[in-house]
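For reference, the structure discussed in these notes is given below.
Indexing begins at 1, ligand by ligand and atom by atom, following the structure's order. Counting from 1, the numbers follow the sequence of the chain as shown.
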Amino acid sequence: MNSSYCAKIKEKHMKFNTKTIHGGQQNIDPAYGSVMPPIYQTSTYAQTTPGGHKGFEYSRSGNPTRSALESALASIENGEFGIAFGSGLAAIDAVLKLLKAGDEVISTNDLYGGTYRLFTKIFEGFGIKFHFVNMENTNKIEEYINSNTKLIWVETPTNPMMKIIDIKAVATIAKKHNVLLGVDNTFTTPYLQQPLDLGADIVMHSATKYLGGHSDVLLGALIVKDSELANKLYFVQKASGAVCGPQDSFLVLRGLKTLHVRMQRHCENGRTVAEYLAQHQKIERVYWPGFENHPNHNIAREQMKDFGGMISFETKGNSFERAIRIVESLKVFTLAESLGGVESLAGHPASMTHASISKDERDKIGIVDSLIRLSVGIEDVEDLIEDLKQAIG
Ligand code: P1T
């Protein structure tokens, strides 16, 4: 049996901040008592007779360090099974491999550019049809459902426009039509939002971001409750082979243990930065779900514990050159793709993370040329404000 099938949690009674440290973990390693799970840097496992092994045969189908991570992820998302991959996109790729030609997917229209590229440039070519829909008003979703619809894919908050989608409402629609609901929980993490509890079937993470938390690893994960669905995804994991290595699994496990304290500070700093930007005379608009005038603020309040550290903003005049000048002038914020690490990052979605979406499509969604996205880190917030002050002018 694939050891990953053992990724069940036993700590349902634990509070979240305890689960990030102990959830799904054997407290003491049976070999030498190491407190952290060892990095089992091995491709294969000795057998005494064919099939005579200790639960692991070959590291594509199962590795003890990866299993420890998968159990931890299942625990913190209130799921039953975790399935880890080499990147976030590899995890989404595995979900899409549950489908076949002729199937249809309804996805948020504002989503990570790489996900959009995977959907349109890879899976459309295999005969899967995608509808990209603004889901801020969930009533619109049903218009796109027909007998071929197999999956609804939601990012909330969306990347980079910070739109909030009502997970519970989408789950009700998905259940009514017997369609799977997958939620990309990368921006929020289970510290802020637990989609399985709200009715989603699959939670997906780019653990490269907040779960790893230190910008030193690429990793993706899926978490589900249903064993039949888990078995199908474990099969794709093994059959397609886009797995993460033991060293990377270890790094994310280490990251998880401080997730709650990091997220608390990301949220505090995020609020201070968002409020600073909102009152700045040269800023046109700030996108952050914590503002009361954010279109779905009430839904955010309902389904999120706090509002996170991701913020997008536009400068007045919508100048591409000015946005580039600002991101080039930042000194504490690093100009870089990605998000969710302890260090603050700034990005220019139109030319970086969302360049794979055409300008027409970007403009429709709101990814204008002057849009800047911030991943607010956990530095001293006064230094972050000073940095923004000098860069924006
Ligand atoms: O980079 P990877 O681990 O493959 O994860 C892809 C991914 C999936 N979902 C969301 C919401 C994401 O933000 C990402 C990756 N995003 C960036 C690299 C970025 O800068 O937005």
Side-chain angles (χ1 to χ4, degrees), residues 69 73 83-96 105 107-123 132 135 153-165 167 182-190 192-193 195 200 202-223 237 240 242-245 248-249 251-252 255 266 287 289 304 308-312 327 333-341 343-357 362 365 367 371-377:
L69 172 66
L73 291 167
I83 309 116
F85 297 86
S87 71
L89 284 180
I92 302 174
D93 180 88
V95 175
L96 270 291
V105 177
S107 166
T108 35
N109 63 344
D110 172 28
L111 80 167
Y112 171 54
T115 308
Y116 180 81
R117 184 177 54 204
L118 176 68
F119 287 174
T120 55
K121 298 284 195 293
I122 304 282
F123 284 101
F132 296 98
M135 297 189 188
W153 190 257
V154 167
E155 252 184 47
T156 180
T158 59
N159 180 0
M161 298 310 297
M162 307 302 297
K163 288 177 187 153
I164 297 292
I165 318 298
I167 298 173
V183 175
D184 183 334
N185 211 25
T186 299
F187 267 35
T188 36
T189 83
L192 294 178
Q193 170 176 288
I202 303 172
V203 170
M204 176 264 155
H205 277 283
S206 168
T208 312
K209 312 298 188 299
Y210 288 105
L211 299 188
H214 296 76
S215 304
D216 52 10
V217 60
L218 244 82
L219 197 140
L222 303 172
I223 301 103
Q237 182 194 40
S240 287
V243 293
C244 48
D248 291 349
S249 303
L251 285 171
V252 174
H266 281 296
Y287 300 94
M304 295 167 69
M310 293 303 297
I311 301 166
S312 295
V327 292
F333 282 84
T334 302
L335 172 59
E337 307 231 0
S338 205
L339 58 112
E343 64 289 293
S344 292
L345 301 183
H348 182 248
S351 60
M352 295 168 69
T353 45
H354 293 71
S356 56
I357 302 173
R362 285 201 309 265
I365 301 164
I367 309 176
L371 193 80
I372 292 171
R373 192 190 72 183
L374 301 179
S375 169
V376 178

What is the closest protein heavy atom to [atom], and at what distance does it sit?
atom	value
atom 7 (C) of ligand 1	Y112 CD2, 3.3 Å
atom 3 (O) of ligand 1	T208 OG1, 2.7 Å
atom 13 (O) of ligand 1	N159 ND2, 3.1 Å
atom 5 (O) of ligand 1	S206 OG, 3.0 Å
atom 11 (C) of ligand 1	D184 OD2, 3.3 Å

Any [X] side-chain heavy atom under 4.5 Å of [Y] side chain:
X	Y	result
W153	M204	yes
H205	L73	no
K163	N109	yes
F132	L111	yes
K209	S375	no

Per side chain to side chain contact (heavy atoms under 4.5 Å, CB included), Y210 is matched among T186, N185, T188, L339 by L339
Any heavy atom of L89 under 4.0 Å from ligand 1? The part involved is both
(request) For ligand 1, note which part of L111 has a heavy atom under 4.0 Å away: side chain, backbone, both or neither. (result)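 Within the 4.0 Å criterion, L111 makes no contact with ligand 1.
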[X] N/O under 3.5 Å from ligand 1 N/O:
X	answer
T115	no
G88	yes
E155	no

Quiz item: Would you say G114 touches ligand 1, if touching means a heavy atom closer than 4.0 Å?
Solution: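 Judged by the 4.0 Å heavy-atom criterion, G114 does not count as contacting ligand 1.
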Residues D110 and N159: closest non-hydrogen pair is OD1-O, 3.1 Å
Which heavy atom in V217 sits nearest to a heavy atom in L251, and how many Å separate them?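 Looks like CB-CD1, 4.1 Å.
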Heavy-atom contacts with [X] under 4.0 Å: which atoms of ligand 1 show up? List them by number with element.
X	value
T353	19 (C), 20 (O), 21 (O)
S338	18 (C), 19 (C), 20 (O)
L339	13 (O), 19 (C), 21 (O)

Practice problem: Ignoring hydrogens and angles, tell me if any N or O in the side chain of Q237 forms a donor-acceptor pair with the backbone of V243 under 3.5 Å. | Solution: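 Pair absent, no side-chain N/O of Q237 close to backbone of V243.
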(Q) Is it the case that the side chain of S206 and the backbone of G88 share a donor-acceptor pair, with hydrogens and angles ignored and the cut-off at 3.5 Å? (A) no
Which is closest to atom 18 (C) of ligand 1 in terms of heavy atoms, R373, M310, K209, E337?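 Among R373, M310, K209, E337, the closest heavy atom to atom 18 (C) of ligand 1 belongs to K209.
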